[in-house]
Amino acid sequence: MSKIRKVKGVGWGAAAIGNAVWGGAKLADVLELVGVPKLTGTTPSGGKHVEFVSIDKCKEENGGPYKASIPLSQATNPEADVLLAYEMNGEPINRDHGYPLRVVVPGFIGARSVKWLESINIIPEECQGFFMQKDYKMFPPSVNWDNINWSTRRPQMDFPVQCVICSLEDVNVVKHGEITIKGYAVSGGGRGIERVDVSIDGGKTWMEASRYQKTGIPYISDDTSSDKWAWVLFEVTTDIPSISEIVAKAVDTAANVQPENVEVIWNLRGILNTSWHRVHVRVGHSNL
């Protein structure tokens with residue numbers, strides 16, 4: 001987004017994502033043990049949100065702890081799979097990833113999956129911490145740092161549909177005209193990936209890529225065999241002309257689509273760039 005206008009934030013690229021197998025206790029089960037039934041939206045005392053407080057202190061909180069919250073209705077829903085995680089990829093979670101305990105909120109932006117968890121609170125209003133109220137909010141392109149009003153926007157929670165080409169960089173030189181285009185697609189809220197479209201002429205014509213999560217097992221977006229929280233891999237092999245602009249875009253099961261250009265979703269914080277991913281390729285000989 002900084003190529004359009006300067007933004008204030010971390011310069012993430014296309015690789016700011018990870019996939020892991022998490023182990024732990026479902027938050028809905030833990031809350032039930034302390035008297036909050038499953039599928040509860042409001043407690044008798046008026047609690048509507050679950051706040052996660054980290055032992056990690058940060059300057060944005062004036063030396064206080066990092067914290068975030070999610071709706072109680074989500075925390076008590078077993079189908080939402082919110083996890084108090086103490087294992088990662090079959091081993092005890094390490095310090096970088098939140099040892100000894102972290103929350104994992106699948107389908108939400110990572111800022112809500114609080115690491116180094118110290119306490120869990122049920123509160124009447126959403127968390128008032130810095131990273132809920134004055135960061136990670138999506139503003140229109142017309143808002144700048146002179147006219148911003150943080151209170152006019154809700155905190156960003158689940159993330160929109162996205163896909164990224166991983167097998168090619170921009171700009172790539174390939175030795176022959178046939179290439180395999182691979183990458184990942186993902187959407188928030190547990191929504192599956194219905195389709196990934198790939199173009200080799202900048203979006204004039206399209207072909208549909210094959211999708212999978214496990215090798216040899218067909219991916220069906222709304223089937224129980226698919227993992228609704230994990231990324232979906234895509235692949236297509238095609239001949240390309242001497243110079244190509246390769247584009248990928250995904251569609252999720254709610255028919256959400258990616259915007260064509262970054263200009264229309266530019267925001268001063270520089271978050272949620274889900275515009276079509278583009279790489280440029282030419283056939284020839286590399287100087288490397």
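Throughout, numbering of the chain's residues begins at 1 and tracks the sequence.
For the atom pair K137 NZ and N149 CG, the distance stands at 8.5 Å (nearest 0.5 Å). Separating the OG atom in S2 from the NZ atom in K8 is a distance of 13.0 Å, to the nearest 0.5 Å. Interatomic distance, OG of S244 versus CZ of R278, reported as 13.5 Å (0.5 Å rounding).
If you check the side chains of E194 and S221, you find a donor sitting under 3.5 Å from an acceptor. A side-chain donor from one of T180 and T237 sits under 3.5 Å from a side-chain acceptor of the other.
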Could you give me the CA-CA distance, side-chain angles and deciding distance for V53 and V114, then say whether side chain to side chain contact (heavy atoms under 4.5 Å, CB included) is met? CA-CA 7 Å; V53 182; V114 177; over 6 Å; no

Practice problem: Start with the C-alpha distance between D29 and K38, add both sets of side-chain angles, then the distance that settles salt bridge (Lys or Arg N to Asp or Glu O under 4.0 Å), and finish with yes or no. | Solution: CA-CA 8 Å; D29 293 336; K38 290 184 171 68; 2.9 Å; yes

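Scanning all heavy atoms of the two residues, the minimum distance from Y86 to P100 falls at CB-O, 3.6 Å.
Between D227 and K214, none of the side-chain N atoms (NZ, or NE/NH1/NH2) sits under 4.0 Å from a carboxylate O, so this pair counts as no salt bridge. Under 4.0 Å is where a charged nitrogen must lie from a carboxylate oxygen, and between K26 and D81 at least one such pair does. A salt bridge does not link R195 with D252: every distance from a Lys NZ or Arg NE/NH1/NH2 to an Asp or Glu carboxylate oxygen is 4.0 Å or more.
The aromatic rings of F139 and W150 sit perpendicular, their planes meeting at an angle over 60°, well past the 30° parallel limit. A perpendicular orientation is assigned to the rings of W22 and H97, their planes being inclined by more than 60° (bins at 30° and 60°).
Aromatic pair F108/F159: centroids not less than 6.0 angstrom apart.
Because its NZ or CZ atom is both nearer than 6.0 Å to the ring centre of W206 and within 45° of the ring axis, K249 counts as a cation-pi partner of that residue. In this structure, R102 fails the cation-pi test against W116, since its NZ or CZ atom is not both closer than 6.0 Å to the six-membered ring centre and inside 45 degrees of the ring normal.
The backbone N or O of T205 sits less than 3.5 Å from a side-chain atom of S199, completing a donor-acceptor pair. In this structure, S210 contributes its side chain and E235 its backbone to a donor-acceptor pair below 3.5 Å.
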